[in-house]
Amino acid sequence: MRNAPFVITVASEKGGVGKTTIATNLAVYLKALREDLPVTIASFDNHFSVDNMFAIGRHPGHSVAAFFGAEPAEELVTLGEYGVQYFTSERNLTPPDDDHRTLDHALLRSELDGILILDTRPILDYFTRSALLAADLALVPIKDRPSLVNAASLHAVLSADGADPAALWIIPSLIDARLKLRENVGMHEFLVDSARERDYQVIDAFIPKSPKVESLTTNFASRVYPVLTHARSTSAHLQFKALADFVLERFDAAPAKCAPAPDLSGRQRRLLLECPGCAQQATGDEGIFWHDLRSRQRGFIHPDCFWSLFSDIELETEAAPEMHLVLRVEGAGLFGGATEYHLHLFSAAGEELCRNQLPEKDRLLAVLRSVTGRVPTEFYREVITFHLTGKPPRNGLHDPEYRRLGTLRRQLTRTVLEREK
């Protein structure tokens with residue numbers, strides 16, 4: 001058994017509650033308190049505060065999308081300022097699949113050690129849900145009653161998807177000590193009491209509202225500076241230390257984690273066990289693995305059925321042990337005329353070898369109806385990939401082959417669609 005990273009997810013559906021301030025400063029304080037502990041940070045948001053605090057020089061480092069790629073995350077992490085490792089933010093990050101457990105399983109298989117801090121978007125999208133389900137500790141900043149109310153949806157994600165709701169902890173944030181409510185009750189006291197009335201766990205620390213701390217994110221150098229180095233005279237310094245101590249206590253008490261057996265439930269859910277060419281059983285012991293981009297359906301097609309689709313054209317396969325084909329269908333709605341069918345052949349390395357336009361024929365339409373689940377009049381922009389790997393096609397459902405083919409499929413799809421713009 002080996003340790004996977006201890007994952008801390010900072011999340012809130014409400015913007016402006018200090019998520020990124022907490023995530024970035026917590027990383028610095030953890031590293032300062034325990035220098036030999038690997039600390040890594042990544043953000044699924046697109047404001048690039050992580051990059052602006054931790055990047056050294058002009059080297060951008062690898063994108064947070066690396067968590068969902070074929071290469072191990074621990075090989076792509078970049079060492080940044082203050083000894084904190086990081087992944088750069090991504091402006092157009094897109095979900096790699098529809099399985100919110102993909103990130104959790106990837107981290108369990110990785111060799112990334114120590115603590116990983118994940119900053120999230122102020123919305124319950126694919127990446128926020130994924131980060132919550134991967135979390136050993138979920139920190140939810142609240143600064144007012146609306147942000148406290150919104151915490152219920154985060155708790156619901158952990159409860160509904162089989163994670164541990166006890167991982168969620170509330171931390172009051174951006175608290176103005178001067179603000180008093182009725183009967184001279186302070187905002188901090190009100191939020192703590194209100195959270196505990198809802199049976200939330202509340203951290204015995206808070207992040208105060210401080211003009212000095214707010215100024216650390218805006219300056220002529222376009223850098224973001226940590227409280228530890230630039231605002232140690234503020235009360236925020238002691239609170240961040242208390243928060244870091246709390247996290248280290250949980251980290252030290254956490255049990256070791258190991259990679260689980262492969263979970264194919266999400267992939268099996270859209271798996272068709274009939275060959276789309278002949279409607280006979282296709283178990284994946286032989287044939288070709290296919291995947292439809294829009295419906296996310298996948299399955300296996302018998303070799304004879306596959307090659308009969310392309311009997312009207314010559315494909316330069318050169319008897320390669322591995323190659324990949326992308327069938328692109330441009331529906332009549334795009335052009336106002338006839339539907340067009342284009343076939344792109346790629347090498348194992350993703351190099352395009354040839355392109356052909358296919359004639360419309362009944363056999364091709366029958367396969368497309370089965371693969372996409374749509375009739376030809378509903379075709380718009382369809383992309384179906386076929387993977388010939390020289391191995392039993394069922395291997396395409398198992399990691400690490402599934403991750404490798406998924407990464408390659410996204411690369412080929414981008415190549416095909418961008419070329420047609």
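In what follows, residues are counted from 1 in the order of the sequence shown. In this text the structure is predicted, and so the values were computed from the model without any measurement.
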Tell me if the centroids of the rings in F127 and F68 come within less than 6.0 Å of each other.
yes

Please examine the side chains of I207 and P141, heavy atoms only from C-beta on, and report whether any two atoms are closer than 4.5 Å.
no

Return the CZ to CD1 distance between F6 and I117, rounded to the nearest 0.5 Å.
10.5 Å

Quick check: does any side chain N or O of K143 sit under 3.5 Å from a backbone N or O of G16, one acting as donor and the other as acceptor?
yes

My understanding is that only one of V371, I384, D292 makes a side chain to side chain contact (heavy atoms under 4.5 Å, CB included) with P276; could you say which?
V371

The single option from T24, T21, T20 passing side chain to side chain donor-acceptor pair (under 3.5 Å) against D119:
T20

Within the structure provided, determine whether F300 and L397 are in side-chain contact (heavy-atom separation under 4.5 Å).
yes

Locate the shortest heavy-atom distance separating L272 from S370; write the atom from each residue and the value.
CD1-O, 3.6 Å

Could you check whether any side-chain N or O of Q201 sits under 3.5 Å from a backbone N or O of A166, counting only pairs where one atom can act as donor and the other as acceptor?
yes

On a heavy-atom basis, the closest approach of S194 and L148 is CB-CD2, 3.5 Å

In plain terms, say whether R328 and E340 are close enough for a salt bridge, that is, a side-chain N and a carboxylate O under 4.0 Å apart.
no

Give a yes or no on whether the backbone of P165 and the side-chain of S159 come within a donor-acceptor separation of less than 3.5 Å.
no

Can you find a pair of side-chain heavy atoms, one from L368 and one from E382, that are under 4.5 Å apart?
no

Between the side chain of N25 and the main-chain N/O of P226, is any donor-acceptor distance below 3.5 Å?
no

With a 4.5 Å cut-off on side-chain heavy atoms, are L325 and F306 touching?
yes

For the student: nearest non-hydrogen atoms of I288 and P303, plus distance:
CD1-CA, 3.9 Å

Between the side chains of S49 and N52, is a donor N or O closer than 3.5 angstrom to an acceptor N or O?
no

When rounded to the nearest 0.5 angstrom, what is the spacing between CZ in R121 and NE2 in H47?
10.0 Å

Donor-acceptor contact present, side-chain Q239 to main-chain F206, <3.5 Å
yes

Is there a side-chain contact between F251 and L37 (heavy atoms, below 4.5 Å)?
yes

Within the structure provided, determine whether S153 and L124 are in side-chain contact (heavy-atom separation under 4.5 Å).
yes

Could you pull out the closest heavy-atom pair between I22 and S173, with the gap in Å?
CD1-OG, 4.0 Å

Test side-chain contact (heavy atoms from CB on, under 4.5 Å) on L33 and L248; report intermediate values, then the result.
CA-CA 9 Å; L33 290 174; L248 289 174; 4.0 Å; yes

Are side-chain N/O atoms of D45 and S43 paired as donor and acceptor at under 3.5 Å?
no

Is there a side-chain contact (heavy atoms from CB on, under 4.5 Å) between L93 and N46 once you walk through the steps?
CA-CA 8 Å; L93 194 61; N46 61 358; over 6 Å; no

Does either side chain, that of S147 or that of D144, offer a donor lying less than 3.5 Å from an acceptor on the other one?
yes

Closest heavy-atom pair and its distance - A231, K212:
CB-CG, 3.9 Å

So CG of L133 and CZ of R101: to nearest 0.5 Å the spacing works out to 4.5 Å

Which word best sums up how the rings of H324 and H387 line up, parallel for under 30°, tilted for 30 to 60°, or perpendicular for over 60°?
perpendicular

Are Y126 and D97 close enough that a side-chain donor and a side-chain acceptor fall under 3.5 Å?
yes

Is it the case that the side chain of R223 and the backbone of M53 share a donor-acceptor pair, with hydrogens and angles ignored and the cut-off at 3.5 Å?
yes

Close side-chain approach of V50 to F87, heavy-atom, < 4.5 Å:
no

Does any N or O in the side chain of T128 come within less than 3.5 Å of the main-chain N or O of I123, such that one atom is a donor and the other an acceptor?
yes

Quick one: CD on Q85 to CG on L79, what's the gap to the nearest 0.5 Å?
6.0 Å

What do you reckon, is CZ of R145 surrounded by more than 12 foreign heavy atoms closer than 6.0 Å?
no

Can you confirm whether D362 is buried at CG, in the sense that more than 12 heavy atoms of other residues, nucleotides or ligands lie under 6.0 Å from that atom?
no

What's the separation between atom NE2 in H291 and atom CG in L271, rounded to the nearest 0.5 Å?
11.0 Å

Nearest heavy atoms of I56 and G80, plus distance in Å
CD1-C, 3.5 Å

Run the side-chain contact (heavy atoms from CB on, under 4.5 Å) check on T415 and F346 step by step: do they pass?
CA-CA 10 Å; T415 298; F346 292 87; 4.1 Å; yes

Mind telling me whether F386 and F310 have parallel, tilted or perpendicular rings, with 30° and 60° as the class edges?
perpendicular

I'd like to check F289 versus E401 (side-chain heavy atoms, cut-off strictly below 4.5 Å). Are they in contact?
no

Residue pair K391, E322: steps toward the salt bridge (Lys or Arg N to Asp or Glu O under 4.0 Å) verdict
CA-CA 9 Å; K391 305 172 185 176; E322 178 174 341; over 6 Å; no

R232 side chain to H237 backbone, donor-acceptor under 3.5 Å:
no

Mark yes or no for whether H302, through its side chain, and Q281, through its backbone, hold a donor-acceptor pair below 3.5 Å.
yes

Would you find a donor on one side and an acceptor on the other, under 3.5 Å apart, between the side chain of T413 and the backbone of R410?
no

If you round to the nearest 0.5 Å, how far is OG1 of T120 from CG of L132?
6.5 Å

Y29 and V227: side-chain contact (heavy atoms from CB on, under 4.5 Å), yes or no, with the steps?
CA-CA 9 Å; Y29 275 82; V227 170; 3.4 Å; yes

Is the ring pair W169/F246 parallel, tilted or perpendicular, if the boundaries are 30 and 60 degrees?
perpendicular

Counting heavy atoms not belonging to E351, are there more than 12 under 6.0 Å from its CD?
no

